[in-house]
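Step one of this worksheet: look at the structure below.
Keep in mind that the numbers below use all heavy atoms, side chains included, and drop hydrogens, waters and symmetry copies. In what follows, chains are A, B, ... by sequence order, proteins preceding strands, each numbered from 1.
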Protein chains: 2
Amino acid sequence: MTQQTRKDEIIKTAAKLFKEKGYNAVTMRDLATAMGMKAASLYNHIKSKQEILKEIIISLAEEFTNGMDAIYNSENSNIDKLKQIVAMHVNITACNTNQMASLNSDWMHLEDQLDYYLQLRNDYEANFIKIINQGIRASEIKQSNPEVIMFSMLSTLRSLYLWIPKKEDLNANDLANSLSEVLIHGINK
Amino acid sequence: MTQQTRKDEIIKTAAKLFKEKGYNAVTMRDLATAMGMKAASLYNHIKSKQEILKEIIISLAEEFTNGMDAIYNSENSNIDKLKQIVAMHVNITACNTNQMASLNSDWMHLEDQLDYYLQLRNDYEANFIKIINQGIRASEIKQSNPEVIMFSMLSTLRSLYLWIPKKEDLNANDLANSLSEVLIHGINK
DNA sequence: TCTCTAAACTAACAAGTGTTAGTTGAATTA
DNA sequence: TAATTCAACTAACACTTGTTAGTTTAGAGA
């Protein structure tokens, strides 16, 4: 139990450093200093640097996968499903800004788990685009390139981690709502 | 002249490698192998690894700054200015996909030029948001949070480098148009 | 009190890092 | 032809990297 807590602290601290400089630019000595210990002591709690990255990225990716599955299989309109996806990204990102930076920028440094991660991401995007296609077929969504729509939404949602920390005044609900408004209804009068 | 060409080849090759693995994960020996030479030989053409990164990022950043200044000072409606910004991002990104990856992911590894880069980026965003605010005041753009609008557009535009290489069939004009449509008019019917 | 264990430490290693010095052969210029 | 320059090379450097081995210290449970 204490073990778990200490390990979690290390991972959390690592995520913060990874966000600032990227996985490869952060050394185990950097991480140790930030934890107030020596580099070798880290290995009482973690197996390797690589394991830290894996813990950060895979658990988050699985959270997104589970959320997407729930939304995909729900009974809402397709536009509402898209709104739920926006809300999910805002919520997960608000609670895990540092980890989201690794998910977005350092996934390519996964080794053993790289294929698994890519599979989760592909499945996620496949579900996303299916929702868009269903929305177009049901005339909820304009007849335009579904990939452009997904790309545009997903780019914005994946960049949230850069932006949420600067806007702590805005609460998650308000942000999700105005984001949905802009992404779905556009900006022009 | 030959010197210039060879140096440019190195920078171009470096950009490709940086895109795949990030600045810190690419060694001078990796770059040399990709160029078909030994690491030490690179230094006949470039001053340092850091110089390569600087050449890639700063020239691109200045291109965006110049483009933005021209658009900002033009006589079009604010909505049209936004469309021109979209087109500029598509065009610059289409010609520089690899370099754009460094601009987006490795700017924090700039050393001497970091402050200059950040200044260019801040100025760019300041002009962007001024256009949005003018558009709102002129009733061309919906009354909603200008920062949310900019964030959403800019996130999409900054991610283009990830997506354009996968869609070589789509020409730059068509892409700019459908992107403008989605970003400005939204996706719902 | 004695034992065990968690969690820190010091010291070190082998591999890899960016970079420099000095050299060589081919091409270009005088 | 002789001199110079270009652009590659080999060899090596000082330093940093992730990681391991073995040791120490403090607290918990018997």
Return the value, rounded to whole Å, for the distance between atom [atom1] of [X] and atom [atom2] of [N].
{"X": "E111(B)", "N": "dG18(C)", "atom1": "CD", "atom2": "C1'", "answer": "12 Å"}
{"X": "M35(A)", "N": "dA7(C)", "atom1": "CE", "atom2": "P", "answer": "11 Å"}
{"X": "K47(B)", "N": "dG18(C)", "atom1": "NZ", "atom2": "C1'", "answer": "14 Å"}
{"X": "I46(A)", "N": "dG18(D)", "atom1": "CD1", "atom2": "P", "answer": "10 Å"}
{"X": "L31(B)", "N": "dG16(C)", "atom1": "CG", "atom2": "C1'", "answer": "16 Å"}
{"X": "E9(A)", "N": "dA7(C)", "atom1": "CD", "atom2": "P", "answer": "11 Å"}
{"X": "M37(A)", "N": "dT25(D)", "atom1": "CE", "atom2": "P", "answer": "18 Å"}

Side chain of [X], heavy atoms from C-beta onward: which of [options] has the nearest atom to it?
{"X": "K49(A)", "options": "dA8(C), dT19(C), dT19(D)", "result": "dT19(D)"}
{"X": "K38(B)", "options": "dA8(C), dA8(D), dT10(D)", "result": "dT10(D)"}
{"X": "Y43(A)", "options": "dT20(D), dT10(D), dT19(C)", "result": "dT20(D)"}
{"X": "R6(B)", "options": "dT20(C), dA8(D), dT19(D)", "result": "dA8(D)"}

Examine dA8(D): is either OP1 or OP2 under 4.0 Å from a nitrogen or oxygen in the side chain of H45(B)? Give yes or no.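 Answer is yes, contact under 4.0 Å.
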Results of ring-ring contact (aromatic ring centres under 6.0 Å, His included) for F151(A) - residues two or more places apart only: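 In terms of ring-ring contact (aromatic ring centres under 6.0 Å, His included), with neighbours along the sequence ignored, F151(A) is linked to W163(B).
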Using the test ring-ring contact (aromatic ring centres under 6.0 Å, His included), find all partners of Y117(A) that sit at least two apart in sequence or belong to another chain. W107(A)
Lys/Arg-Asp/Glu bridge criterion (N-O < 4.0 Å) met for R6(A), E9(A): yes
Salt-bridge test for K54(A) and E111(A): reply yes if a basic N is under 4.0 Å from a carboxylate O, no otherwise.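 E111(A) and K54(A): not salt-bridged.
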Base dA6(C) paired with N44(A) side chain (donor-acceptor, <3.5 Å): no
Is the ring pair F18(A)/Y23(A) parallel, tilted or perpendicular, if the boundaries are 30 and 60 degrees? perpendicular
Aromatic ring pairing F64(A)/H89(A), orientation class (parallel under 30°, perpendicular over 60°, tilted between): tilted
If you pin R29(B) and R29(A) to their nearest nucleotides in DNA chain D, which one's is more 5'?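 By nearest-heavy-atom nucleotide position, the 5'-most residue is R29(B).
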When you measure from every atom of DNA chain C, which of residues 17-28 of chain B have a heavy atom less than 4.0 Å away? V26(B), T27(B), M28(B)
Name the residue closer to the 5' end of DNA chain C, choosing between S41(A) and D30(B) according to the nucleotide with the nearest heavy atom.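 Between the two, 5'-proximity favours S41(A).
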Expected output: side-chain N73(B) to main-chain D69(B) donor-acceptor under 3.5 Å: yes
